[in-house]
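Below is one structure, written out as structure tokens; comments come after it.
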Amino acid sequence: MILIDANNVHKGFGGQSVLRGLSFAVERGEHVGLVGSNGAGKTTLLRILTGEEIPDEGSVSVPDNITVGLLSQLPVYPAGTKGGDVIGPFEYETDFSRVCRGLRLDRLLLEGDMSRLSGGEQTRVNLARLLLRRSDLLLLDEPTNHLDLRACKWLEDYLSGYKRTVVAVSHDRYFLDRFARRIIEITDGKAEFYSGNYSFYAEEREARRIERERRYEKEKREHDRLAAAAKQMHAWAGKNEKLHKRAFAMEKRAERILKTERPKTGRGLKGEFSETGFFADDVYRVIDIFKAYGGRRILDGITLNIRGGERVALLGDNGTGKTTLLRIMLEEIRPDGGSVWRGPSVKVGYLPQTVTFENKERNLVDTLLYELDVSPAEARNRLAAYHFTGEKVFDSVGKLSGGERSRLRLCILTARNVNLLMLDEPTNHLDIASREWVEAALDGYEQAMLFVSHDRYFIERFATRIWWLEDGKIWDFQGNYGAFVSAREAGALAPSPRARKEKSAARADTGIKMSPLGMRRRLEQEAAMLERKIEGVEKELFDVGERIAEAASDADALVALLEEQAALEKQRDGLYVLLTGLSTVDNAE
């Protein structure tokens with residue numbers, strides 16, 4: 001059964017066409033990913049589907065007897081609205097428990113004023129509302145924006161079992177791979193269809209582009225041949241009207257041959273990072289770093305290093321201190337304790353979340369002349385390699401979009417002989433094409449890289465090592481993101497043995513020594529203590545589980561119990577990680 005039927009939809013704003021004859025249909029129960037560049041009309045289409053916008057031409061049909069839920073990018077609530085007010089009453093206690101736990105909606109968040117919540121918190125509350133309503137048609141506009149990695153994975157798992165219809169606008173390629181069973185791309189105001197997930201779409205889109213290019217070139221050759229023949233015939237015809245008529249007929253045939261529009265090229269960036277000639281084992285070290293805010297210690301004795309050529313992803317839940325650690329390493333803020341060591345020949349290039357330039361009025365060419373020791377001609381060449389051409393190079397940098405500013409900063413960084421790149425959410429809020437451009441620029445970079453990102457597609461592509469930051473500690477994993485996720489789900493992660501050994505060495509340097517036998521006995525005692533604590537927490541969890549079953553009809557009591565259960569589970573998981581870490585250190589000794 002068709003749930004959405006869009007036919008020849010046109011929509012424009014301020015004289016600018018956005019949708020130009022778009023047509024598509026969505027069957028009941030389908031999970032569809034809606035993709036396209038920023039400004040292509042994806043959000044406009046969702047608003048048309050909910051009736052918030054009316055098409056200028058064409059029609060959209062959605063059955064009257066179905067419920068439609070929309071997750072907006074920027075939800076607006078009346079003053080004084082609380083998180084719990086947004087979710088409101090619920091019918092299915094099991095779903096409420098599952099959704100609250102998955103999105104980590106605790107009592108403080110549900111009782112908080114929506115206007116005071118962060119963008120991520122508002123997204124989680126609004127998402128919970130829609131999931132609990134069990135809408136027949138769920139419309140999600142960038143649902144993974146502001147969600148941390150764990151919440152993204154939970155949402156994907158939840159939607160994989162969601163039997164109703166879901167249409168999601170997203171630039172999150174990893175999410176689209178796991179969620180979507182069909183992709184609709186909006187390009188030039190019309191729809192193209194791909195019967196698979198994002199990976200299928202990316203491969204098929206390129207295959208179609210190549211085929212269109214081949215077809216266009218074939219038609220163009222035949223057009224040019226006929227046009228040239230017609231021109232020659234006109235020249236020969238003189239006053240012979242019959243030959244002129246044949247030439248005119250040949251020209252019309254030539255025009256009819258051009259049926260295929262020339263496809264837009266998917267050109268990658270041509271910029272390359274300058275070679276530094278520097279490659280070392282130790283590029284950067286953080287040694288026993290401590291940092292606290294408002295009495296809360298977010299970095300608790302972090303000791304790690306980066307080696308030459310490594311690509312390290314610094315990951316963790318929102319608010320765990322990833323950007324703080326990055327800024328300490330950049331020496332923008334000072335730690336409360338510990339130190340940072342940088343190799344003497346290390347030159348750092350930094351790409352922040354929000355790229356700014358000193359003078360917003362400078363045009364792109366002048367910005368390169370100011371920041372780099374290059375000629376105007378070389379500046380134009382460098383800009384062209386990053387898709388800044390024609391009159392665009394004389395625009396002021398203040399007019400650039402977020403993706404364009406990131407691209408311009410990368411253009412500058414490639415010329416600076418950097419051998420350690422630090423990136424803070426380099427693909428944040430970029431559309432898929434811009435993400436691919438950024439990745440293309442980084443592909444040829446062979447020196448050390450440290451980056452913070454929620455973009456799992458980007459992480460999977462670049463990371464060779466994972467640092468997971470949680471409760472002030474770093475879990476150091478050698479391997480790519482997929483292997484890290486598998487290890488974490490199997491409970492095989494532990495604090496870095498290297499970090500523990502470095503701490504032991506530091507203690508030895510201050511005169512604190514312990515024999516191997518003494519060390520083993522101490523580890524055994526700590527392990528026994530942790531096992532007793534785990535047993536106690538498991539008993540508490542059993543008791544809470546029984547109380548949750550009894551309080552299924554009491555919303556306030558249920559929320560409090562779920563909060564208590566989540567805290568106990570976190571405590572238990574942390575104890576298991578510590579126990580695993582002790583075992584790892586014992587074996588290493």
Side-chain angles (χ1 to χ4, degrees), residues 267-280 283-284 306 308-312 326-327 329-332 342-428 430 433-453 458 461-462:
R267 295 180 301 134
L269 299 183
K270 299 176 183 177
E272 294 182 354
F273 281 84
S274 303
E275 292 295 327
T276 63
F278 170 82
F279 202 86
V283 173
Y284 226 96
I306 301 175
E310 284 191 315
R311 292 175 166 186
V312 183
L326 205 64
R327 293 184 65 196
M329 295 179 70
L330 288 164
E331 299 180 352
E332 291 183 358
R342 181 191 299 185
S345 302
V346 171
K347 190 171 183 180
V348 177
Y350 177 47
L351 185 69
Q353 271 194 56
T354 303
V355 175
T356 58
F357 292 91
E358 182 180 322
N359 188 332
K360 294 181 180 180
E361 301 305 316
R362 281 197 189 105
N363 64 37
L364 276 65
V365 173
D366 287 343
T367 297
L368 256 67
L369 295 178
Y370 175 78
E371 301 225 13
L372 303 172
D373 184 18
V374 294
S375 66
E378 187 177 348
R380 292 289 298 268
N381 288 337
R382 286 189 175 277
L383 288 168
Y386 283 80
H387 294 188
F388 295 114
T389 56
E391 295 301 309
K392 184 73 174 179
V393 302
F394 299 113
D395 284 350
S396 65
V397 294
K399 292 182 179 179
L400 298 180
S401 68
E404 289 171 331
R405 289 197 302 271
S406 293
R407 210 174 345 136
L408 181 59
R409 178 57 66 193
L410 277 174
C411 176
I412 293 167
L413 289 177
T414 56
R416 285 188 167 166
N417 300 316
V418 300
N419 44 36
L420 173 60
L421 268 181
M422 290 190 178
L423 315 173
D424 193 359
E425 298 287 1
T427 61
N428 210 22
L430 304 186
S434 297
R435 293 178 187 214
E436 290 173 346
W437 285 344
V438 169
E439 290 165 356
L442 295 173
D443 256 339
Y445 181 71
E446 297 180 351
Q447 302 291 339
M449 185 191 301
L450 172 65
F451 60 90
V452 173
S453 181
F458 181 91
R461 179 167 178 173
F462 288 104

### Summary
One should read off an interatomic distance between F462 CZ and E439 CD, to the nearest 0.5 angstrom, of 5.0 Å
### Task
Run the numbers on L408 and V355 for side-chain contact (heavy atoms from CB on, under 4.5 Å), then give the verdict.
CA-CA 9 Å; L408 181 59; V355 175; over 6 Å; no
### Query
Between R407 (side chain) and Y386 (backbone), is there a donor-acceptor pair under 3.5 Å?
yes
### Query
Would you say R435 and F458 make side-chain contact, with heavy atoms under 4.5 Å?
no
### Message
Could you report the tightest heavy-atom contact between A415 and L372, atom names first, then the distance?
### Response
CB-CD1, 3.7 Å
### Message
A side-chain contact here means heavy atoms from C-beta on lying under 4.5 Å apart; do L364 and L400 qualify?
### Response
yes
### Query
How far apart are the closest heavy atoms of K360 and S396, and which atoms are they?
O-CB, 3.3 Å
### Message
Show the nearest heavy-atom pair for residues G402 and L430, with the distance to one decimal.
### Response
C-CD2, 4.0 Å
### Task
Please examine the side chains of F357 and I412, heavy atoms only from C-beta on, and report whether any two atoms are closer than 4.5 Å.
yes
### Message
Walk me through whether M422 and L326 qualify under side-chain contact (heavy atoms from CB on, under 4.5 Å).
### Response
CA-CA 8 Å; M422 290 190 178; L326 205 64; 4.2 Å; yes
### Task
Looking only at non-hydrogen atoms, find the nearest pair between D443 and R311 and report the distance.
O-NH2, 3.7 Å
#### Entry: Close side-chain approach of W437 and L410, heavy atoms under 4.5 Å
no
### Message
Any heavy-atom pair between the side chains of Y284 and V348 that's under 4.5 Å?
### Response
yes
### Query
Could you state the interatomic distance from NZ (K347) to CG (L413), rounded to the nearest 0.5 Å?
10.0 Å
### Query
How far does CG of L421 sit from OH of Y445, to the nearest 0.5 angstrom?
4.0 Å
### Task
Please round to the nearest 0.5 Å and tell me the distance separating atom CG of L383 and atom OG1 of T367.
9.0 Å
### Task
Kindly indicate whether the side chain of I306, heavy atoms from C-beta on, has any atom under 4.5 Å from the side chain of M329.
yes
### Trace of the side-chain contact (heavy atoms from CB on, under 4.5 Å) decision for E404 with D395
CA-CA 12 Å; E404 289 171 331; D395 284 350; over 6 Å; no
### Task
Quick one: closest heavy-atom pair of S345 and N419, and the distance?
O-ND2, 3.1 Å
### Summary
Hits for salt bridge (Lys or Arg N to Asp or Glu O under 4.0 Å) against E331, two or more places apart or cross-chain, chain-then-number order -> none
### Query
When you look at R416 and E371, which way does the salt bridge (Lys or Arg N to Asp or Glu O under 4.0 Å) test go after all the steps?
CA-CA 10 Å; R416 285 188 167 166; E371 301 225 13; 2.8 Å; yes
### Query
So how far is it from S375 OG to L369 CG, rounded to the nearest 0.5 Å?
8.0 Å
### Query
At their closest point, which heavy atom of L351 faces which heavy atom of P426, and how far apart are they?
CD2-CB, 3.9 Å
#### Entry: Heavy-atom side-chain contact between Y350 and D424 under 4.5 Å
yes
#### Entry: Side-chain heavy-atom pair D366, N359 within 4.5 angstrom cut-off
no
### Query
How many angstroms lie between CZ in R409 and CG in L423, if you round to the nearest 0.5 Å?
12.5 Å
